Amino acid sequence: MNLEKQSVVIAGGGSTYTAGIVMMLIENQDKFPLRKLKFYDNDEERQSVVAKACEVIVKERAPEIEFLATTDPSEAFTDVDFVMAHIRVGGLSMREKDEKIPLKYGVVGQETCGPGGMAYGMRSIPGVIELIDYMEKYSPEAWMLNYSNPAAIVAEATRRMRPNARIINICDMPVAIKKSIADILGLKSESEIVDRYYGLNHFGWWTEMTDKQGNDLMPKLKEHVAKYGYAAAASEGNPLLDEESWMDTFKKAKDVYAVDPTTVPNTYLKYYLYPDYVVAHADPNYTRANEVMDNREKNVFAECERIAAAQTAEDTTIEAGEHAEFIVQLAGALAYNTYERMLLIVKNEGAIANLDDDAMVEVPCIVSKRGYEPLCMGKIPHFQKGMIEQQVAVEKLVVDAYEEKSYQKLWQAMTLSKTVPSASVAKEILDEMIEANASWWPALK
C-alpha cells in the first residue's frame, strides 16, 4: 500500500529529544513516510547544533526527505501536515529555578507538579498559543501534536484560548510506565497491552490491563508492584531506569499503589501523596534540571557536534527516542485512518461520568482521520474524584491567573495544590517565583 508522504515540522528543534525523534521518524518510513522534515526554534544557536547533526543523519539514512532548519515561522509552518511540538520556554536554566525555589521552602520542586509546574505553565502558555497561531496562519489543515510540558496546564489553556484548534495534547509518561510493565510481565512490547486508565496528565490510575487475547494482566502486575513498584527485575530497554532519580520514582510506585490497591498508579502521584518523602530525598542544590544539564544535554550536544564534524552518523550513539514512538503512532492514525487506541489529554465531556465536562482528562481514545474519540471510563471512586477535582481547580486557576494577569488567582492555585502546606508558604514561593520569571510571565496585579 502506497502511503501518502507527509511534511512535518518539529517545534523545539534545539531540544535534546529532537535527534531521537528524527531517528524514530526515519526508522518508521514504512509506517509514516516523510517528504519534508523541518526544525523550528527561536534559539538559533541551540537549534543549529542539533540540526547540523540531523542533516547528516537524514542525508545518510533517508536522502529522499527534504530537510530544513529555520527560525522563520513562515518558512517553518508553510506546507506542513503535522507540527510536533516540544518546546521548553525558559530552557533548563528556568527549570532549575522551578525546582529549587519551592525546595527552599520545604515544598516539592518538580518540573510539572506543584509550584514549579505552575511557574513553567505560566511561561509555556504563550509559547504554545504562538505555535497554534503560526500553524493556523500558514497550514490551517495541519494537526499539532503537542507534548510540551506541563501538558495539563497547556491543555486547559488551549481549550480555552483556541477552542477550535487542531491540537492534540499527549504525554509519553504512560508509555514509559507501560514499557516497564511489559518488561515485568515478560511481554515483547507495551503495544501488547490494552488498558483502561483515567485521570489528568501526570495524575492518573489504571483500572484494567489485558493482553490482546483478553487475558487479565492485573493480578500478576499488582503482585509485582506491591513488592517492587515498577522497577523491573532487569531494567533492560528502559533508558529512564538508568538514571537514579527515575529509578527511585519507579520504586516508589510501590507506596503509591498501597494507597489504592484496586488500581495501578501513574508514578507522578508520588509528588502529591508523599511530598514529605520527596522533599526529604531531594538535594536543594542539585535537582533534576542539573542532572539533565550535566548528563543528557552534554552527551547529546557533544554527539551532535561530533557527527557534524565527522559528516557521518554511522556509529552514532543517538537512538530512536521512546519518546517518539507514540508520536509516530498518533500521526499515522490521523494521516492513514488506522484507528489506534491511545491515551490522550482531551475535554472530558462525559468520559469520566462524575467529573465536570470541561476538565481536561487523560483517557484512552480511538484515533482516526476524523481526530479522536474518547472512550467512556464511567464513574470513578471518591478518593480519585476528590484528588482530581482539587488538581483540576489548580490547573484552571493557573490559566485564570495567566488570562487575568491575576496575582490572587496564582496565589490561590499554589495554596490549593496538594504539594503546598499553607497559604503563607504559597505566598512566599509565589513572590520569589514572580521575581525569577520577570522576563517571562505577564505582570501580575
Side-chain angles (χ1 to χ4, degrees), residues 12 86-130 146-158 161 169 171 200-203 268 271-272 275 278-279 282 284-293 360 390-445:
H86 59 177
I87 59 171
R88 182 180 290 285
V89 181
L92 288 166
S93 59
M94 286 309 297
R95 176 178 180 173
E96 186 179 6
K97 291 180 182 175
D98 294 342
E99 293 170 350
K100 289 184 176 175
I101 292 170
L103 281 169
K104 272 171 67 174
Y105 300 93
V107 169
V108 167
Q110 212 276 330
E111 171 194 25
T112 64
C113 305
M118 295 179 220
Y120 185 15
M122 290 286 285
R123 295 194 304 274
S124 295
I125 292 169
V128 173
I129 295 292
E130 182 179 64
N146 177 56
Y147 41 102
S148 307
N149 271 326
I153 291 169
V154 167
E156 171 61 20
T158 57
M161 296 162 74
N169 293 289
C171 172
L200 313 171
N201 179 239
H202 289 180
F203 202 98
Y268 276 84
Y271 297 108
Y272 301 96
V278 171
V279 172
N285 304 309
Y286 192 87
T287 60
R288 176 73 187 151
N290 300 114
E291 204 178 320
V292 173
M293 286 188 262
M360 293 301 283
Q390 181 181 24
Q391 186 61 17
V392 166
V394 169
E395 288 156 9
K396 287 188 181 297
L397 283 164
V398 173
V399 180
D400 288 346
Y402 178 82
E403 287 194 298
E404 299 164 24
K405 301 182 174 52
S406 166
Y407 178 95
Q408 197 78 41
K409 291 282 173 76
L410 201 50
W411 183 20
Q412 288 173 355
M414 289 195 180
T415 301
L416 192 57
S417 173
K418 209 165 154 44
T419 62
V420 180
S422 73
S424 53
V425 174
K427 193 173 197 305
E428 286 181 292
I429 293 172
L430 174 56
D431 289 342
E432 193 168 334
M433 290 264 189
I434 287 173
E435 219 170 292
N437 285 277
S439 54
W440 300 103
W441 290 3
L444 302 179
K445 48 188 191 290

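These values consider heavy atoms only, across backbone and side chains, with no hydrogens, waters or symmetry-generated copies. Because the structure is predicted, anything quoted here is derived from the model rather than measured.
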Check: P126 and Y402 side chains under 4.5 Å, non-hydrogen atoms: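 They are in side-chain contact.
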
Using side-chain heavy atoms (C-beta onward) and a distance below 4.5 Å, is P150 in contact with I153?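 P150 vs I153: side chains touch.
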
For the SG atom of C171 and the CG atom of L200, what is their distance to the nearest 0.5 Å?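 Separation between the atoms: 12.0 Å.
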
What distance separates Y120 OH from C113 SG, expressed to the nearest 0.5 Å?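 It is 12.5 Å, given to the nearest 0.5 Å.
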
Less than 4.0 Å between a side-chain N and a carboxylate O, is that true for [Y] and [X]?
X: K104; Y: E428; value: no
X: K427; Y: D431; value: yes
X: E99; Y: R288; value: no

List in chain and number order the residues that pass side chain to side chain contact (heavy atoms under 4.5 Å, CB included) with A426, two or more places apart in sequence or in another chain; answer none if no residue qualifies.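 W411, M414, T415, V420.
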
Identify, with sequence neighbours excluded, every residue that meets side chain to side chain contact (heavy atoms under 4.5 Å, CB included) alongside P421.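 Side chain to side chain contact (heavy atoms under 4.5 Å, CB included) list for P421, sorted by chain: V107, V425.
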
Residue pairs, two or more places apart or on separate chains, that pass salt bridge (charged side-chain N to carboxylate O under 4.0 Å, His left out) and touch residues 106-117: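 Listed once each, the pairs are R88-E111, R95-E111.
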
Just checking Y272 against F203, ring centres under 6.0 Å apart?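 Ring centroids of Y272 and F203 are less than 6.0 Å from each other.
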
Test item: side-chain donor near acceptor, S148 and H86, under 3.5 Å: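 No, no side-chain donor-acceptor contact under 3.5 Å.
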
